[in-house]
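Here's the structure we're looking at; comments come further down.
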Amino acid sequence: MRTLITNGTVVNADGSLLADVLVDGETIALVGQGLAARGVTAERTIDATDKYVIPGAIDVHTHMELPFGGTFAKDTFETGSRAAAFGGTTTILDFAVQSKGHSLREGLDTWLAKAEGNTCVDYGFHMIMSDVTDASLAEMDALIEEGVTDFKLFTAYPGVFYSDDGAIFRAMQRAAGNGGLIMMHAENGMAIDVVASQNADAGRTDPYYHGLSHPPVFEGEATHRVIRLAEAAGSAVYIVHLSAREALDAVREARDRGTPAYAETCPQYLFLSLDDLRNGFEGAKFVCSPPLRPKEHWAELWKGLRADDLQVVSTDHCPFDFHGQKELGRGDFRKIPNGLPAVEDRLDLMHDGGVVGGRISRERWVEVCSTAPARMFGLAGRKGVVAPGADADLVVYDPQRRHTISARTHHMDVDYSCYEGRTVQGGSDVVLLRGKVIVEDGEYRGAKGDGRFLKRQPTGAALR
Ligand code: URP
Ligand code: ZN
Ligand code: ZN
């Protein structure tokens, strides 16, 4: 099956041009001006006049079905990845979880079983390491062979995912040898727990105190610490969901002295703020970790994105219904499951706030949402680019179309939206996954199980 996408503006990270794109089977065969006029034919033609043709977006940080806080993230691999497709995202990288006392292998098998046959876009896994032992360190090498090349560790959530500095350092040393990439959730969880208990004990139990119990200094300190540990271990490090100026300063200073430190931020840290938590228990809808920050941090994060001190925008999609799930924390903010829904909205929010808002170019928008994620996580050349030989994951994107985000119309399986009522400019008209149209005319045309597991190349050595 050949598809010809005509007369669109092809936007790649390194430039844009008016061109046609020929898809043959699952890959892009040709990108060039006037292909149709030069007699190239296809079974199907898609007119992209006045539209962008961009590489399918890649979200490297999702948590479908994550067990957290006595419940599970609401989106399954099916519902979450279908919502991703509606939002122009054709690849997700989710996190398999090693439970304490169990092997990495068991964790990976559990998550592979949840995803296989159910996922609507291509998918891969990072591995959350909850138990750093001689055995789990050795297992890292085997997982890398299978294309699970990154390992997330936490200085946060004591008693759950938390690792101490020694454990983190050992995992970094191993990654320095095997080429894996260490991803860090960097907040000082021990100090946070002290402040959170003091607030709760004093009767300050509203969601707002979740935010106040996680001050930016605790993120800055942990970010600085894990980067220093990576320097000592000789490994690269990738900071996930960076939210605060203090943490960005630590990344920027490290990069300025030549350290291979990388970081992502998320739309919630660019568009939402601590004020959203300050609304009685409604604020629970906005509880995530790190928490939303005062608005003053926004401009710094945008500056970091422009300067490439932040390379990636992911979502940290981890949705919990307000009713029945977030409500577990009524009367005690510490019991509110942490996480927000966003997988469907990222590309449009970044287009509207970034490109239309004049903060980043359309090429940088493609880079942070697609090209850099592919480069950082072992998919370069295959995903994240509109070029011959790449997978035909393509979005015909209308940069003028406006729509209003609402839980009534979104496709994520969650009963609220953090962006309820926000009108954004830009939307995905047609979405192709490896040459197959999966979204068109606002309808889902794919099938669960269309998504394939991605065996990825390790990038830790190349990023050093
Ligand atoms: O609040 C968040 N971020 N929930 C998901 C788990 C994590 O730390 O990424
Ligand atoms: Zn995290
Ligand atoms: Zn996360």
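Keep in mind it's a predicted model, so treat the numbers as computed, not measured. Atoms within a ligand are numbered from 1 in the order they appear, just like the ligands themselves.
Ligand 1 has no atom lying under 4.0 Å from any heavy atom of F161.
When each atom of ligand 1 is checked for a heavy atom of H61 under 4.0 Å away, the hits are 9 (O). In the vicinity of H185, heavy-atom distances shorter than 4.0 Å reach the ligand 1 atoms 8 (O). Distances below 4.0 Å separate heavy atoms of H63 from the following atoms of ligand 1: 5 (C), 6 (C), 7 (C), 9 (O). Ligand-side atoms of ligand 1 in range of K152: 7 (C), 8 (O), 9 (O), range being under 4.0 angstrom from any heavy atom. The distance from ligand 1 to the heavy atoms of D316 drops below 4.0 Å at these ligand atoms: 2 (C), 3 (N), 5 (C), 9 (O). Of all atoms in ligand 1, numbered sequentially from 1 with element shown, those under 4.0 Å from a heavy atom of S289 are 1 (O), 2 (C), 3 (N). Those atoms of ligand 1 with a heavy atom of C288 less than 4.0 angstrom away are 1 (O).
Residues in residues 455-464 take part in these side chain to side chain donor-acceptor pair (under 3.5 Å) pairs, two or more places apart or across chains: T149-R456, D150-R456. Applying the salt bridge (Lys or Arg N to Asp or Glu O under 4.0 Å) test to pairs two or more places apart or on separate chains, those with a residue in residues 365-380 are R364-E367, E367-R375. Each salt bridge (Lys or Arg N to Asp or Glu O under 4.0 Å) pair with one or both residues in residues 161-190, not counting sequence neighbours, appears once here: D134-R170, D141-R174, D165-R225.
Excluding waters, the count of protein N/O/S atoms less than 2.8 Å from the Zn ion (ligand 3) comes to 3.
For the pair K114 and F77, the NZ or CZ position fails the cation-pi test of under 6.0 Å to the six-membered ring centre and within 45 degrees of the ring normal.
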I'd like to know whether C369 forms a side-chain contact (heavy atoms from CB on, under 4.5 Å) with R346, so could you lay out the CA-CA distance, the side-chain angles of the two residues, the decisive distance to 0.1 Å, and finally the verdict. CA-CA 8 Å; C369 292; R346 175 183 63 134; 3.9 Å; yes

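A donor-acceptor contact closer than 3.5 angstrom links the side chains of H317 and D75.
At distances below 3.5 Å, not a single donor-acceptor pair connects side-chain atoms of Q325 with backbone N or O atoms of F322. Formation of a donor-acceptor pair under 3.5 Å by the H126 side chain with backbone atoms of L181 is not found in this model.
Residue R408 qualifies as open at atom CZ: its count of foreign heavy atoms under 6.0 Å is 12 or below.
Ring planes of Y123 and F125: perpendicular class, angle over 60° (limits at 30 and 60°).
The backbone and the side chain of N338 each have at least one atom closer than 4.0 Å to an atom of ligand 1 (non-hydrogen atoms only). Contacts between F95 and ligand 1, counted as non-hydrogen atom pairs separated by less than 4.0 Å, are absent for every part of the residue.
For F68 and H63, the gap between ring centers reaches or exceeds 6.0 Å.
In this structure, the protein non-hydrogen atom closest to atom 8 (O) of ligand 1 is Y157 OH, 2.9 Å.
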